[in-house]
Asker: 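Have a look at this one before I ask anything.
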Amino acid sequence: MAAFSLFKLSLLLGLLSNLGIWPETHVGIVPPTCSRIECPSYDVIYAGDGYEIRRYNESVWMSTSSIEDISLVGATRNGFLQLFNYIQGKNMYEEKIEMTAPVISEVSPSHGPVCASSFVVSFYVPKKNQANPPPAEGLHVQKWGTTYTAVRQFSGFVMDSSVGEEAAALYDSISGTVWETAVDKSHAGETATTYTVAQYNSPFEFENRVNEIWLTFTMEVEFTS
């Protein structure tokens, strides 16, 4: 029965990747999902035109190995199914873990449209499991210290055809600001700037969807609320 449910989930994820729902851009919306399940905590330290700057508190994530694919949607589906098995008890403690949000995909862009990019898909570990998250084959723990992010929100389903444009729009929106300088310094040496796609909704939710593009960076001087 569980295998059949996983098959149906995989099939639905595949079908949704072909939906032509054009996303709308928002900013400053707290994803409704976070009123139902646990999300990482953060403070908004600056609200700009079409973006905001957040300071995330320390957090723990369970992450896949790097996935090489030409499709963000395909790589995220692959990674999510690994993480779904993990929270359903396919880990060394055989422990079920509560679902959280968002599921994030870190994107290291390729050099061209027909070249594979690298993706790491991660699940936010609930606070009650962070001290000792169950290990699992093929997955690894990432422990984040205080992390700053420039964030752009958009609705609808994440699509390969538009996610790159959303990432470029975020970078354009911080152009000429101190945030651009911080992002460039933090990503110096990268051929193409790594960005993160955060998805908050189940694939079974068709309304009130909230997705985000993150550009993470470090600050030499800490901001205070």
Asker: Nearest heavy-atom pair of P133 and M62: which atoms, and what distance?
Answerer: CB-CE, 4.2 Å
Asker: Any sub-3.5 Å donor-acceptor pair from T177's side-chain atoms to I174's backbone N or O?
Answerer: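 Yes, T177 side chain to I174 backbone: donor-acceptor pair under 3.5 Å.
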Asker: Under 4.0 Å between a side-chain nitrogen and a carboxylate oxygen: does that hold for K128 and E95?
Answerer: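 A salt bridge is absent here (no side-chain N lies under 4.0 Å from a carboxylate O).
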Asker: Distance check, rounded to the nearest 0.5 Å: R55 atom CZ versus I45 atom CD1?
Answerer: 6.0 Å
Asker: Strictly by modelled atom types, are Y200 and E212 linked by a side-chain donor-acceptor pair under 3.5 Å?
Answerer: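 Checked: Y200/E212 side chains pair up, N/O donor to acceptor below 3.5 Å.
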Asker: Assess whether a salt bridge exists between R152 and E52, defined as any Lys/Arg side-chain N lying under 4.0 Å from an Asp/Glu carboxylate O.
Answerer: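 Salt bridge flag = no for E52 with R152.
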Asker: If you take all heavy atoms of S66 and V120, which pair is closest and at what distance?
Answerer: CA-CG2, 4.0 Å
Asker: Is there a side chain to side chain contact (heavy atoms under 4.5 Å, CB included) between V141 and V60? Walk through the geometry before answering.
Answerer: CA-CA 7 Å; V141 173; V60 178; 3.7 Å; yes
Asker: What's the verdict on side chain to side chain contact (heavy atoms under 4.5 Å, CB included) for F119 and L72, showing C-alpha distance, side-chain angles and the deciding distance?
Answerer: CA-CA 7 Å; F119 305 90; L72 164 70; 3.8 Å; yes
Asker: If you measure only the distance, is there a donor-acceptor pair under 3.5 Å linking the side chains of Y171 and D184?
Answerer: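 Yes.
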Asker: For the CG atom of L83 and the OG atom of S63, what is their distance to the nearest 0.5 Å?
Answerer: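 That separation rounds to 7.5 Å.
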Asker: Please tell me whether S118 and E68 have a donor and an acceptor in their side chains that are separated by less than 3.5 angstrom.
Answerer: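 S118 vs E68: donor-acceptor pair found between side chains.
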Asker: Minimum heavy-atom separation for T194 and P109, please, with both atom names.
Answerer: CA-CD, 4.3 Å
Asker: Any chance you could measure I104, atom CD1, to T196, atom OG1, to the nearest 0.5 Å?
Answerer: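 That separation rounds to 5.5 Å.
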Asker: Tell me the closest heavy-atom pair linking V121 and F80, and the distance in Å.
Answerer: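 In this case the closest contact between V121 and F80 is CG1-N, 4.1 Å.
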Asker: What I'd like to find out is whether the side chain of V197 reaches to under 4.5 Å of the side chain of V163, using heavy atoms alone.
Answerer: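 The answer is yes, as the side chains (C-beta and beyond) meet within the 4.5 Å cut-off.
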Asker: Please check if the side chain of E180 supplies one atom and the backbone of G176 the other of a donor-acceptor pair under 3.5 Å.
Answerer: yes
Asker: Can you check side-chain hydrogen bond (donor to acceptor under 3.5 Å, both in side chains) on Q130 and Y124, steps first, answer last?
Answerer: CA-CA 9 Å; Q130 289 185 9; Y124 171 65; 3.2 Å; yes
Asker: Within the side chain of E205, is there an N or O that forms a donor-acceptor pair under 3.5 Å with the backbone of S202?
Answerer: yes
Asker: Taking it one step at a time, do S122 and E106 satisfy side chain to side chain contact (heavy atoms under 4.5 Å, CB included)?
Answerer: CA-CA 8 Å; S122 302; E106 184 182 65; over 6 Å; no
Asker: Is the closest side-chain heavy-atom distance between Q199 and T76 below 4.5 Å?
Answerer: yes
Asker: Hey, any chance Y93 and L139 share a hydrophobic cluster, counting ILVMFWY side chains that come within less than 4.5 Å of each other, even indirectly?
Answerer: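 No, because Y93 and L139 fall into different hydrophobic clusters, even though each may have its own neighbours under 4.5 Å.
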Asker: Hydrophobic cluster membership, with links at side-chain heavy-atom distances under 4.5 Å among I/L/V/M/F/W/Y: are F154 and L170 in one?
Answerer: yes
Asker: Identify the heavy atoms of F123 and E98 that sit nearest to each other, and give their distance.
Answerer: CZ-O, 3.4 Å
Asker: Among side-chain atoms of Q82 and T64, is any donor-acceptor pair under 3.5 angstrom?
Answerer: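 No, because no side-chain N or O of Q82 sits under 3.5 Å from a partner of the opposite role on T64.
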Asker: Here's one to test your reading of the geometry: is the NZ or CZ of R54 within 45 degrees of the ring axis of Y42 and under 6.0 Å from its centre?
Answerer: yes
Asker: Distance alone, cut at 3.5 Å: any donor-acceptor contact between the side chains of Y56 and D43?
Answerer: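 Result is no, nothing qualifies.
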Asker: With ring centroids as reference points, do Y46 and W179 lie under 6.0 angstrom apart?
Answerer: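 Yes - the distance between ring centres of Y46 and W179 falls below the 6.0 Å cut-off.
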Asker: Between CH2 of W144 and OG1 of T216, what distance do you get to the nearest 0.5 Å?
Answerer: 6.5 Å
Asker: Take E38 and T100 through the test side-chain hydrogen bond (donor to acceptor under 3.5 Å, both in side chains) and record every step on the way to the result.
Answerer: CA-CA 5 Å; E38 187 178 340; T100 63; over 6 Å; no
Asker: Do W214 and P102 touch side chain to side chain, with heavy atoms closer than 4.5 Å?
Answerer: yes
Asker: Where do A150 and F217 come nearest, in terms of heavy atoms and distance?
Answerer: N-CE2, 3.7 Å
Asker: Is S186 reaching over with its side chain to a backbone N or O of V183, donor-acceptor style, under 3.5 angstrom?
Answerer: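 Side chain of S186 to backbone of V183, a donor-acceptor pair under 3.5 Å: no, none is there.
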Asker: Rounded to the nearest 0.5 Å, how far does NE2 of H140 lie from OG of S65?
Answerer: 6.5 Å
Asker: Is the backbone N or O of G145 less than 3.5 Å from a side-chain atom of T147, with the two atoms forming a donor-acceptor pair by type?
Answerer: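 Side chain of T147 to backbone of G145: a pair is present.
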Asker: Taking N201 for its side chain and F206 for its backbone only, find out whether a donor-acceptor pair lies under 3.5 Å.
Answerer: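 No; zero donor-acceptor contacts below 3.5 Å.
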Asker: Would you compute the distance between atom CG of N91 and atom OH of Y86 and round it to the nearest 0.5 angstrom?
Answerer: 5.5 Å
Asker: Before you tell me yes or no, could you show the steps for Q88 and N85 under side chain to side chain contact (heavy atoms under 4.5 Å, CB included), namely the whole-Å CA-CA distance, both residues' side-chain angles and the distance that decides it to 0.1 Å?
Answerer: CA-CA 5 Å; Q88 290 298 305; N85 282 331; 5.5 Å; no
